Amino acid sequence: MMTKKQLYNLFFSGLLAIYSYSVQAQNSQPVRLSACPMVKICLERMPDMKIPRASHTTLFVNGELTVIGGHTSGFIPTGTAERLHNGRWDVEKTVYMHDNGFSLPLRSGKILIAGGHSESLGIGQTFTVEKYDPISHDYEGFGCLDTKRSLAQGVELEGGRVVITGNHYNTDAIEVFDGKKEFAFLKSVKQERMNPFIFRTAKDNAIILSAQSPRFALLDTIWIDRVKGEAFTVPLLNEWKPLPLDAPFYCESSFIGNEQKGDYSYLMPVTNKEKEIAMMLVRDTTFTLLSTPCPIPSRGIKGNGIFYNPAPIVDRGAGKAYVVGYDRQNRLYILSISLNMERKETTALTLYYTDPMPEVGNATPLLTPEGDLIIAGGINFGHDNYAPLATVWKLHFGTPSAAAGKGISWWAWGTLTLLILAVFIASIFLVLRRKKGEHAEPAKQMKMDDTKTEAMPLPDKSKELMKRICELMEREQLFKNNQLRISDIAIALNTNSSYISDCINSIKGCSFNQFVNTYRIEYVKEQLRTYPNKKLTFICSEAGFSSETAFYRTFKTLTGMTPKEWHKKEEEHEQS
């Protein structure tokens with residue numbers, strides 16, 4: 001028979017399952033205990049650009065945040081670029097205007113800028129090409145595309161050659177830049193397309209695909225062109241289509257491979273007829289759906305649909321990928337995907353969200369060297385192309401404020417009440433049955449006990465469990481979730497909350513909360529060492545502390561010093 005402790009565990013596990021069901025039902029998600037966690041975050045507003053702009057490109061060039069081209073108020077192309085220097089934006093003149101052109105970082109350190117609309121209102125295409133030198137800050141017009149283009153993309157191959165393809169309301173083909181001055185026709189395409197994904201498959205080869213024709217029509221059959229080789233189709237792309245790119249995007253931002261090992265792997269968001277979202281792994285000519293520990297949410301707060309930007313941004317150092325989305329209430333969503341780069345597996349998902357932010361634009365995000373995301377300019381659901389934004393925002397990841405409550409509707413509460421009652425009645429039944437069984441013969445009692453769940457781990461098993469707990473905490477950085485509970489660890493490791501608690505207490509000599517806080521404090525220390533100018537407010541939120549008061553109290557308890565005293569001691573140690 002079940003012990004009283006096991007009975008309580010069964011009861012509370014039932015409550016957890018019921019709560020998961022009610023929340024997931026309201027958000028129209030599949031019913032799973034491992035639902036994608038949602039964490040509310042705040043954004044840091046950076047200095048506004050001097051010129052509002054959309055359909056531009058955003059890059060980090062020579063350590064400086066740089067925006068190039070696009071169109072400004074009135075849907076008029078702007079022949080300017082801006083770079084954030086010493087806390088303010090410096091405006092620079094480009095040789096040509098590049099509204100929906102592309103900017104490609106080259107291995108030489110320079111930026112190739114090409115194409116764009118020839119007129120206001122997003123009309124026409126251009127042949128224009130220039131290079132930007134981030135050292136001298138000079139823009140030099142030097143060549144002419146073989147085909148006039150807008151909404152094109154490019155990728156650099158071996159030897160400095162650049163493949164360029166894609167077009168808007170004009171014929172498409174593949175052309176190649178020789179790395180010096182010449183642009184020449186390379187080959188025709190099986191399928192004309194706009195804003196394509198270009199993924200390298202070797203040092204001198206790449207594949208090209210898109211969800212849209214040059215006239216915005218969604219393509220029924222997805223043909224994949226190759227720089228070298230014949231075009232082909234993939235049956236999986238009949239069911240799962242790429243999300244349409246609607247803004248300039250540097251495809252190498254989604255690279256998760258290892259070029260030295262000949263591994264050219266990329267992430268690409270896809271969707272099906274049911275509007276479900278998934279991540280596809282593209283490796284050479286092989287396309288596979290990545291399994292995820294929970295469904296990628298297609299709906300967010302209050303059931304609002306999420307419109308994902310199809311440009312995944314990969315932080316290889318952190319083993320993360322980010323996909324940004326919006327809803328019609330101007331909330332921003334950031335899907336964080338934890339990755340095992342070697343195995344090409346997703347290990348965890350987290351959906352971050354903000355309050356309604358009407359001044360955040362729908363622009364392609366940019367990863368900073370520190371691992372944050374920047375969104376500069378763009379348009380949102382409250383604006384149109386005639387009124388782009390000049391705002392610039394930074395998103396600090398793992399910096400949740402108080403998580404927003406996911407309200408449960410009246411019918412969900414009714415369902416919850418009925419199911420709690422059912423679990424309660426079942427618990428009473430099991431207690432009565434246990435009392436009746438207490439008079440059974442000892443041999444029968446022993447036989448019944450053989451069917452019980454796993455007993456409390458032995459010392460060796462406790463060490464193994466402790467190792468798994470630490471590996472999970474370090475790999476997934478679960479301590480960053482300020483709502484982390486011991487049951488979350490138990491579910492992730494498919495074990496019992498009591499086992500987790502007893503294991504930590506016996507081996508580490510502390511409570512679960514104290515154990516988690518040691519990780520948080522070590523994270524804070526590492527951030528202070530690496531980024532001494534980073535605001536302490538952001539760091540402590542990033543580490544998972546729900547308030548600055550809790551952070552300061554815990555820091556003093558574990559180190560015997562305040563953060564300022566500790567930082568000073570570290571500096572003295574480095575100087576000695």
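Remember, predicted model here, so these are calculated numbers, not experimental data. Nothing fancy with the numbering, it's 1 onward along the sequence.
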| task | Could you tell me whether Arg299 and Asp327 have a side-chain N and a carboxylate O separated by less than 4.0 Å? | result | no
| Can a salt bridge be assigned to the pair Lys525 and Glu522 using a cut-off of 4.0 Å between side-chain N and carboxylate O? |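 Between Glu522 and Lys525 there is a salt bridge, with a charged N closer than 4.0 Å to a carboxylate O.
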Atom [atom1] of [X] and atom [atom2] of [Y]: how far apart are they, to the nearest 0.5 Å?
X      : Y      : atom1 : atom2 : result
Cys251 : Leu267 : SG    : CG    : 12.0 Å
Asn330 : Asn380 : CG    : CG    : 4.5 Å
Leu373 : Tyr322 : CG    : OH    : 6.5 Å
Ile334 : Tyr308 : CD1   : OH    : 10.0 Å
Thr57  : Leu366 : OG1   : CG    : 10.0 Å
Phe479 : Phe515 : CZ    : CZ    : 10.5 Å

[X] side chain near [Y] side chain, heavy-atom distance below 4.5 Å:
X      : Y      : result
Glu259 : Tyr264 : yes
Thr201 : Thr285 : no
Tyr266 : Glu252 : yes
Met46  : Ile374 : yes
Phe197 : Val282 : no
Ile301 : Gln329 : no
Cys470 : Lys508 : yes
Leu43  : Arg45  : no

Nearest atoms (heavy-atom pairs only) where [X] meets [Y]:
X      : Y      : answer
Ala348 : Glu476 : CB-OE1, 3.2 Å
Pro365 : Ile313 : O-CD1, 3.6 Å
Ile296 : Ile277 : CB-O, 3.6 Å
Pro312 : Phe249 : O-CZ, 3.7 Å
Thr347 : Leu339 : OG1-N, 4.1 Å
Leu536 : Val524 : CD1-CG1, 4.5 Å

Residues [X] and [Y]: side-chain donor-acceptor under 3.5 angstrom:
X      : Y      : answer
Tyr519 : Glu474 : yes
Lys40  : Thr354 : no
Asn513 : Ser511 : no

Under a 3.5 Å distance rule, please check whether [X] uses its side chain to pair with a backbone N or O of [Y] as donor and acceptor.
X      : Y      : result
Asp284 : Thr286 : no
Arg331 : Gly325 : no
Arg520 : Cys540 : no
Lys344 : Met341 : yes
Tyr326 : Gly361 : yes
Asp488 : Arg485 : yes
Ser338 : Gly319 : no
Ser265 : Asp263 : no
Ser506 : Asp502 : yes
Thr271 : Glu276 : yes

| Is it true that atom CZ of Arg343 has more than 12 heavy atoms of other residues, nucleotides or ligands lying nearer than 6.0 Å? |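 No - once you tally the heavy atoms of other residues, nucleotides and ligands closer than 6.0 Å, there are 12 at most.
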| Counting heavy atoms not belonging to Gln260, are there more than 12 under 6.0 Å from its CD? |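 Counting neighbours around CD of Gln260, 12 or fewer heavy atoms of other residues, nucleotides or ligands fall under 6.0 Å, so no.
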| query | Has Arg200 got its NZ or CZ under 6.0 Å from the middle of the six-membered ring of Phe255, at an angle within 45 degrees of the ring axis? | reply |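 Judged by the rule, Arg200 and Phe255 form a cation-pi pair.
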| request: For the pair Thr557 and Gln514, evaluate side chain to side chain contact (heavy atoms under 4.5 Å, CB included) and give the outcome as yes or no after the intermediate values. | output: CA-CA 10 Å; Thr557 300; Gln514 291 170 332; over 6 Å; no
| remark: Residues at least two apart in sequence or cross-chain that pass side chain to side chain donor-acceptor pair (under 3.5 Å) with Lys568, listed by chain then number, are none
| Plane angle bin for Phe555 and Trp566 - parallel if under 30°, tilted between 30 and 60°, otherwise perpendicular | perpendicular
| Run the side chain to side chain contact (heavy atoms under 4.5 Å, CB included) check on Thr391 and Val360 step by step: do they pass? | CA-CA 7 Å; Thr391 54; Val360 176; 5.8 Å; no
| said: Please determine whether side chain to side chain contact (heavy atoms under 4.5 Å, CB included) holds for the pair Leu106 and Leu104, giving the CA-CA distance in whole Å, both sets of side-chain angles, and the decisive distance to 0.1 Å. | reply: CA-CA 6 Å; Leu106 302 175; Leu104 180 65; 4.1 Å; yes
| So Met268 and Leu209, side chain to side chain contact (heavy atoms under 4.5 Å, CB included) or not? Walk me through it. | CA-CA 11 Å; Met268 181 176 69; Leu209 70 154; 4.0 Å; yes
